[in-house]
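So the structure is just underneath, and the comments pick up after that.
To find a chain, count down the sequence lines: A is the first, B the second, and so on, and within it residues start at 1. As the structure is a prediction and not an experimental result, all values here were calculated from the model.
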2 protein chains.
Amino acid sequence: MPTIEDVAKLAGLSPATISRVINNHPYVSQEKKDIVAKAMKELGYVPNSNAQRLRRQKTETIAVLIQRIANPFFSQLVESMDIIADRNNYKLLICQTNNDKEKELKYLNLLKTKQIDAVIFASIENEWSIVEGFLKYGPIIFCNDFAETAPVPIVCLDQYKGSYIGTKHLIDRGYKRLSYCGGSKATCLSRDRRAGFMAAVKEAGLNVSDQWLFKDALTIDDGKQILREIASMDNRPDAIFTGSDEVAAGLITEAKRHGITVPNDLGVLGFDDQPIAELVEPGITTIHQPVRKIGIKAMDVMIDILVSKKKLEHQFIQLPFHLVVRESTR
Amino acid sequence: MPTIEDVAKLAGLSPATISRVINNHPYVSQEKKDIVAKAMKELGYVPNSNAQRLRRQKTETIAVLIQRIANPFFSQLVESMDIIADRNNYKLLICQTNNDKEKELKYLNLLKTKQIDAVIFASIENEWSIVEGFLKYGPIIFCNDFAETAPVPIVCLDQYKGSYIGTKHLIDRGYKRLSYCGGSKATCLSRDRRAGFMAAVKEAGLNVSDQWLFKDALTIDDGKQILREIASMDNRPDAIFTGSDEVAAGLITEAKRHGITVPNDLGVLGFDDQPIAELVEPGITTIHQPVRKIGIKAMDVMIDILVSKKKLEHQFIQLPFHLVVRESTR
DNA sequence: TTGAAAGCGCTAACAA
DNA sequence: TTGTTAGCGCTTTCAA
């Protein structure tokens, strides 16, 4: 592998001048530029990134922390982020935490070891008090889920309003015995979403049996499982608010096997508006999240921080979202 | 940020000894080990990866080239690879080429610039003759799609057999007017898959109208579009072989709108066996690909190459797959 | 506009 | 078992 020194020798110039050409510094004569370009080409020279990184103390790499890449929400989010990052010559390091606090810390450590310049949390496992300490090694922002007290930019949706609107829809359609599936973690996202549901329920003067509150529902299989539980109840809910279209799809599929008719016996509300929502039958009434927009916005914010070196400050950027009515609710 | 030198000073030892402790070298007394550990902890020291990489000429990072992470096939593949990589202390750099030759080359260049140690192609855009030149910068293997003549390990499925089995199934169920959707690229995967289809068709003495051959079908929307084309034909096929469950799902959904009954008016065969296959109605008869197994196997092969520094050689590792019969075929 | 030289933080050959 | 030292390949200050 040729080094900058080899190029310098071949060009009859100093390494410094070669470096200037590589980095587009001003004050290099066109003549030398040409000579250098020729020499680089002849040798097939490419700068060694690790040497550059060591010297510059920058990696041009941003880590994105997510739960699982196979979750369509995250894969779409990451895809949109990648487009913006790439356009600005940043690379994305996709970090799957799998709901594991240790793994999250391991990834955060990349900031310390200078393997990444910054971190975007799209899901978070540890308490902010633990994450906080990493702020001195590089910028951190949130996107989607977040830690409320963090003094950093947060790009998200108004989960409270979202689930309020969805729940209100169920109530308006005459459902009275509402069930709720949420995540397991005590994150802001889960909390707000649940609060929105509860607010709408309370406002309508409805009662929610504890039996109808489900936790840890994320996948298609979780949805199926929940339906089986519902089927075995004496006191069944007549509608269910889920945290994702996958769960809703699982519920709908399994409902058919149990002779439960959606939307009449059971109204089902999804979340996300994934492609799957319009493929199952009945189509899933769901709360549309502008996934890609969140990804793009978050990456824009991060690039801006990195480029303009501006200080982090607490800031809430909330994007709008809306209800998509299909056939899984009356 | 403390450096190895700071630790050395605090511990009253040389940087070399600190380095030995970091890297678990033999011939360090337990006593010194303890002193060093204490000093590192006190300073909150972490080795600078870029310095290590520059010195060692290794990054412990493997690039995986895929089309799009939002494609469930690829996101599952990547997820399974990541588990194995992580277990061996390798990081994965996910590179979305978006079917763009230039982007692929850009990512390959990371090999030259020492930002990655190796490359796994899960989809390929450029000719092997172009990629070949990068072999001298690090190991390259294929997984899923591949370049046949490449003298490197290839982990894949027998696409020919797969589509043959699927097509045979359609024929056995009495379908006689078969349509085919394939990818657009002239890759080995596309070619073999098509050849398997053609072989089964020919064997059965059936005729395939050119009108029934579709290209570039990848997404749900592509499936819908194709169904619309079929609906407008005078001479309709009675079954269709698709390249993915997404396309199949699009076809099925759109068929309902056009009063075409699946599986009676039109048999639909998917590919992959994604979760979606059992959620749509009718469920999709499909060719199951052991995605995760491919990912795990490919990563095992790569890690082995990297660890044992063995030379690359042409080797075909084919994994089995099978037909899953649901309701989209008679 | 160019060059000399120091040093980013680490590892490993060699010496002790 | 430990230390000294020479780089890995690059950028940047300072001087010319």
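One interatomic measurement links the two molecules: CG of B:L54 to P of C:dG7, which rounds to 17 Å at whole-angstrom precision. The interatomic distance linking A:H25 (NE2) with D:dT12 (C1') rounds to 8 Å, in whole Å.
Closest to the B:Q57 side chain, of the nucleotides C:dT2, D:dC8, C:dC10, is D:dC8. Picking from D:dG7, D:dT11, C:dA4 the nucleotide with the shortest atom distance to the side chain of B:R55 gives D:dG7.
In summary, the side chains of B:D145 and B:S123 do not present any donor paired with an acceptor at a separation below 3.5 Å, with no hydrogens or angles considered. A:T97 and A:E104 share no donor-acceptor pair across their side chains, judged by distance under 3.5 Å alone.
Contact annotation: B:N50 does not reach the phosphate of C:dC10 (side-chain N/O to OP1 or OP2, under 4.0 Å). A sub-4.0 Å separation between OP1 or OP2 of D:dG9 and a side-chain N or O of A:Q52 is absent. A close approach under 4.0 Å does occur between a side-chain nitrogen or oxygen of B:T17 and OP1 or OP2 of D:dG3.
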Quick one: do A:E5 and A:T3 satisfy side chain to side chain donor-acceptor pair (under 3.5 Å)? Show the steps, please.
CA-CA 5 Å; A:E5 196 113 7; A:T3 71; 5.2 Å; no
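With the nearest nucleotide of DNA chain D identified for both B:Y27 and B:A51, B:Y27 has the one nearer the 5' end. Map B:G12 and A:P2 each onto its nearest nucleotide of DNA chain D; the residue landing nearer the 5' end is B:G12.
Taking the centre of each ring, B:F146 and B:W128 stay at or above the 6.0 Å mark.
Donor-acceptor pairing under 3.5 Å, judged by distance alone, is present between the side chain of A:R20 and the base of C:dG3.
Contacts of A:L13 with the nucleic acid, taken as non-hydrogen atoms under 4.0 Å apart, involve only primed sugar atoms and P, OP1 or OP2.
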